[in-house]
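Have a look at the structure below before the remarks.
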Amino acid sequence: MIKAALPLCCSVLYSCIALADTSSWVDQKANEIESDVISWRHQLHQHPELSNREFQTAKYVEKHLRELGLEVQTGVAKTGVVAILDSGKPGPTIGLRADMDGLPVQEQNDLAWRSLQFGELNGKKTPVMHACGHDTHMAMLMGAAKILTDMKGDLRGKVKFIFQPAEEGAPVGEEGGAKLMVKEGVLKNPDVDVIFGLHINSQTDVGTIRYRDGGAMAAVDPFKVVIKGKQAHGAYPWLSVDPITTSAQVIMGLQTIVSRELSLIDDAAVITVGSIHGGNRSNIIPNEVELVGTIRTLNPKAREHIYEALPRKVNAIAESMRAEVEIALPNGDNYPITYNDHDLTKQMLPTLNRTAGEKNVVYSKPVTGAEDFSFFQEEVPGLYLWVGGKPVDVPVEAAPAHHTPEFYVDDSGMKLGVRLLANLTLDYMEQNQ
């Protein structure tokens, strides 16, 4: 029995030593290239581009990857860039993803490297800003690519660096983002075994990692309800079938799906009506009203339930009011749940703890915002994490939110992201030879 145990002990000890050695080397390299990562981030921040229009961004990323000697493919899902690092040795293929697009937001910061760029959205000129941190995501992945390329001799398997366009949503009438990347085969040739992604957070302290297993970010399901009635003079409502009154009851009725039909002790859900259009005068009851909204869910059962309940509620209320309805669910593009694989999360938690220090790794509440990284996770096990970008001396309530003109994350937060991407890759390879 002792002889049988010795090889296992030696194997575990060797693995621990190997991980410690590679982690130390990653730390050293991350320190050495930190100024480069910051420079890349500033360049990308100054020159943001909108979804599916990341032409110069893609060229900048491509140049860096080719200089590393990687095999590079461009034009993936319109403007995406994918590079492969092949160690030449058997092992898993690991996907690392960063998003590339900016937002139609005018920056209101006094940074020397603030954005003054403009783009075109739906035929109109609009300011553009990296108001969600995608500039840092690209810079961190560029840094990880540099470190892992320099460590090629220590790798077992392949790394696929995925720079994804249009995470914020493709322009009207176009496909884009992770869904199109998957459709075009980005997880094939070579087949990706697992995928990791990071998002910097402006309200999380620099040096902190937040994670969650299972439903980490919500599914998004837009919907549209058109309520059709009968027009009449506002002075004679009994001659109408009133879509305004019906829409009011529908809006309130939809809220009871969440408050009275879902088990909220398990996972939260949201049904929001964000747009109402109907009528044009105070004294005319119109023919129809249009409601447009969004559904956010964090587990598949809640999502399925709302898909059944929404038309049930709407149709029943409309019938009671003698109105007719048309329902579109989903109404356009929808995102699945950003679902962190339980086994993969458990397996990589020691890597998070070693990289940031256990006290700096925080189990997070779920987020009702969404991420199209979820399309990758539908195909292969994935782990999506948050890294802190808020200076520690700034109170959370004073930190600007994502998607705002004042959005800001500190350059110093990126080094942890670079180290984390590299360590996740190295540790997974070590554990899955």
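Listed by first and then second residue, the salt bridge (Lys or Arg N to Asp or Glu O under 4.0 Å) pairs that reach into residues 114-131 come to none, sequence neighbours excluded. Residues in residues 379-403 take part in these salt bridge (Lys or Arg N to Asp or Glu O under 4.0 Å) pairs, two or more places apart or across chains: Asp205-Lys390. Sequence neighbours left out, the pairs with a member in residues 178-193 that pass salt bridge (Lys or Arg N to Asp or Glu O under 4.0 Å) are Glu175-Lys183. Counting only residues at least two apart or in different chains, salt bridge (Lys or Arg N to Asp or Glu O under 4.0 Å) contacts with residues 25-34 comprise Asp27-Arg419, Lys29-Glu32, Lys29-Asp150, Glu34-Lys415. For residues 80-106, the side-chain hydrogen bond (donor to acceptor under 3.5 Å, both in side chains) pairs, not counting sequence neighbours, are Ser51-Asp101, Arg97-Gln164, Arg97-Glu371, Arg97-Asp372, Asp99-His134, Asp99-His137, Asp101-His134. Sorted by first and then second residue, the ring-ring contact (aromatic ring centres under 6.0 Å, His included) pairs with a member in residues 145-176 form an empty list; sequence neighbours excluded.
Under the ring-ring contact (aromatic ring centres under 6.0 Å, His included) criterion, His42 pairs with Trp113, not counting sequence neighbours. The side chain to side chain contact (heavy atoms under 4.5 Å, CB included) check on Ala316 picks up nothing, with sequence neighbours excluded. Under the side-chain hydrogen bond (donor to acceptor under 3.5 Å, both in side chains) criterion, Glu67 pairs with Lys63, sequence neighbours left out. For Asp411, the salt bridge (charged side-chain N to carboxylate O under 4.0 Å, His left out) partners are Arg41, not counting sequence neighbours. Glu308 pairs by the salt bridge (charged side-chain N to carboxylate O under 4.0 Å, His left out) definition with Arg312, not counting sequence neighbours. For Thr126, the side chain to side chain contact (heavy atoms under 4.5 Å, CB included) partners are Leu50, Pro104, Leu121, not counting sequence neighbours.
Between Val325 and Val226, the closest side-chain pair of non-hydrogen atoms is not below 4.5 Å. Here the side chains of Val258 and Leu264 are in contact, with some heavy-atom distance below 4.5 Å.
Around CD of Glu324, the count of heavy atoms belonging to other residues, nucleotides or ligands within 6.0 Å does not exceed 12. For Glu71, the CD atom sits in a loose shell: 12 or fewer heavy atoms of surrounding residues, nucleotides or ligands are nearer than 6.0 Å.
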Report task. Test side chain to side chain donor-acceptor pair (under 3.5 Å) on Asn360 and Thr208 and set out the steps. Result -> CA-CA 5 Å; Asn360 298 315; Thr208 301; 4.8 Å; no

**Report entry** Arg354/Asp427 under salt bridge (charged side-chain N to carboxylate O under 4.0 Å, His left out): CA gap, chis, key distance, verdict
**Finding:** CA-CA 11 Å; Arg354 193 180 76 255; Asp427 289 6; 2.9 Å; yes

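Side chain of Glu167 to backbone of Gly177: no donor-acceptor contact under 3.5 angstrom is found. Using modelled atom types, one side-chain atom of Asn340 and one backbone atom of Tyr384 make a donor-acceptor pair closer than 3.5 Å. For Arg296 (side chain) and Val220 (main-chain N/O), no donor-acceptor pair under 3.5 Å exists by modelled atom type. In terms of modelled atom types and a separation under 3.5 Å, the side chain of Asn109 and the main chain of Phe407 share a donor-acceptor contact.
Inspection of the Asp135 and His130 side chains reveals no N or O donor paired with an N or O acceptor under 3.5 Å. Remark: the Tyr408 side chain and the Asp410 side chain contain an N/O donor-acceptor pair separated by less than 3.5 Å.
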